[in-house]
Amino acid sequence: MNARAAAAALPDDPVVPSPTARLTGHGLGIDIGGTGIKAAVVDLATGELVTERIREKTPSPSTPEAVVDVVADICHRLEAMGALTPDLPGGAGFPAVIKAGRPMTASNVDEGWIGAPAQQLLSQRLGRPIEVLNDADAAGVAEISHGAGKGKAGTVLLLTIGTGIGSALFVDGLLVPNLELGHLEFHGKDAEHRLSGAARERRKLGWKRWGREFDAYLKAMERWFWPDLIILGGGVSKSLDKYEKYLSTRAPLVPAAMLNTAGIVGAAMAGANAARAARATTVPPATGSRSSRPSTARPPAAGRRSAGPRSAGSRSTGH
Ligand code: BGC
């Protein structure tokens, strides 16, 4: 295998559950955002939280060290409650493109995250395997399994409108990871810069003006992706009744069902799924060691392909 082929064989994309994955038990879900960091223990089969959701402000500057400290503090509090036991794997949604466990971008967090080994830093600090994936992808995984997209075939687009604009696209329940539709050019600027929840406040736009601009953005999404369903998440989705009348999409548009828990639930699902995939491919030690701790290493073929044939089961071993 030449170097290019070897690089192409590396599993780069986060390991997310396939549409048919049946996850059970509990998992730790962490949602790292530009404004807040939240975590809880999740019942993986139902998508419900089994602990309170602990939230802290994202530190400023949001350097890797500072953010990891806050995550660790929240997790210690969950451990102290007794629900976060040492055997539980976890997942963390992060507001960036994630490749091989490392952020590749940093629009709403400190630039020191770019290229940092986020997955490794969090796994080591929390003492458990943590799968890191894009925050909107995590929210999408939860909504497609337990929320507004449950059981929906076809093309489903989730947009989260908060500090930034996040996006997740599903085709028959299978995620196309790391889609960054918030950074498409819109009226000469980054769409997120004009239309995120934070931008609406910065630009002091009323719902009518914002709603009309957002409608034009949605129309562009429709011209390019022809979704069958659009799910709207993030803070702005709570006020849908105020601007719904300005939206005219062909596809039905519904608010996310899980609102402020979707990111946590999807991250926990991805974490449990990745840990299961890692366990399935862990070679038992030859002699001596009796450790049954799941490896944080990725299985060789579990996470690479984004939208390969479903029958190949390429993105998930979570069946
Ligand atoms: C980032 C995305 C993220 C979104 C929502 C954007 O600025 O580029 O990766 O999903 O914000 O947090």
Side-chain angles (χ1 to χ4, degrees), residues 12-14 16 29-39 55-62 64 67 70-71 91-116 118-119 131-144 149 156-170 175-186 189-203 214 217-218 221 225 230-238 255-256 258-267 270 306:
D12 271 358
D13 283 327
V16 299
I30 304 163
D31 185 4
I32 299 172
T35 314
I37 298 177
K38 302 142 237 166
R55 182 185 192 280
E56 289 292 337
K57 277 195 187 141
T58 305
S60 178
S62 51
V67 168
V70 173
V71 174
F94 192 88
V97 168
I98 304 294
K99 286 283 186 184
R102 294 170 189 259
M104 297 282 109
T105 56
S107 313
N108 294 308
V109 283
D110 189 84
E111 289 195 351
W113 276 105
I114 297 179
Q119 190 152 299
E131 181 74 7
V132 178
L133 72 166
N134 172 263
D135 58 350
D137 285 353
V141 164
E143 287 289 336
I144 210 90
V156 177
L157 175 65
L158 172 115
L159 294 171
T160 63
I161 319 290
T163 315
I165 294 185
S167 50
L169 188 72
F170 291 84
L175 175 70
V176 180
N178 288 318
L179 201 68
E180 289 283 319
L181 300 182
H183 298 299
L184 291 179
E185 187 180 315
F186 180 73
K189 288 235 161 77
D190 205 41
E192 165 174 301
H193 189 72
R194 300 190 70 90
L195 293 172
S196 69
R200 192 184 81 83
E201 284 168 24
R202 192 193 65 242
R203 295 175 65 206
F214 187 56
Y217 172 73
L218 289 174
M221 299 296 117
F225 299 105
I230 300 173
I231 303 174
L232 214 56
V236 166
S237 67
K238 292 179 199 152
M258 303 170 71
L259 290 176
N260 56 17
T261 64
I264 294 174
V265 172
S306 51

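Counting starts at 1 for both ligands and their atoms, following the listed order. Here the structure is a predicted model, which is why all the values come from computation and not from measurement. Any value given below was found using the heavy atoms of this structure, including those in side chains, with hydrogens, waters and symmetry copies removed.
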Atom pair CG (Leu133) and NZ (Lys99), whose distance is rounded to the nearest 0.5 Å: 12.5 Å
When you compare the side chain of Leu195 with that of Ile161, does any pair of heavy atoms fall below 4.5 Å? no
For ligand 1, give me the residues whose heavy-atom distance to it is below 4.0 Å, by chain and number please. Pro95, Ala96, Ser107, Asn108, Asn134, Asp135, Ala136, Gly164, Ile165, Gly166, Glu180, His183, Glu192
Under the side-chain hydrogen bond (donor to acceptor under 3.5 Å, both in side chains) rule, collect the residues that match up with Thr163, sequence neighbours excluded. Thr35
Which residues pass the salt bridge (Lys or Arg N to Asp or Glu O under 4.0 Å) test with Arg203, not counting sequence neighbours? Glu213
From Glu180 CD over to Ile165 CD1, what is the distance, rounded to the nearest 0.5 angstrom? 11.0 Å
Identify, with sequence neighbours excluded, every residue that meets salt bridge (Lys or Arg N to Asp or Glu O under 4.0 Å) alongside Glu111. none
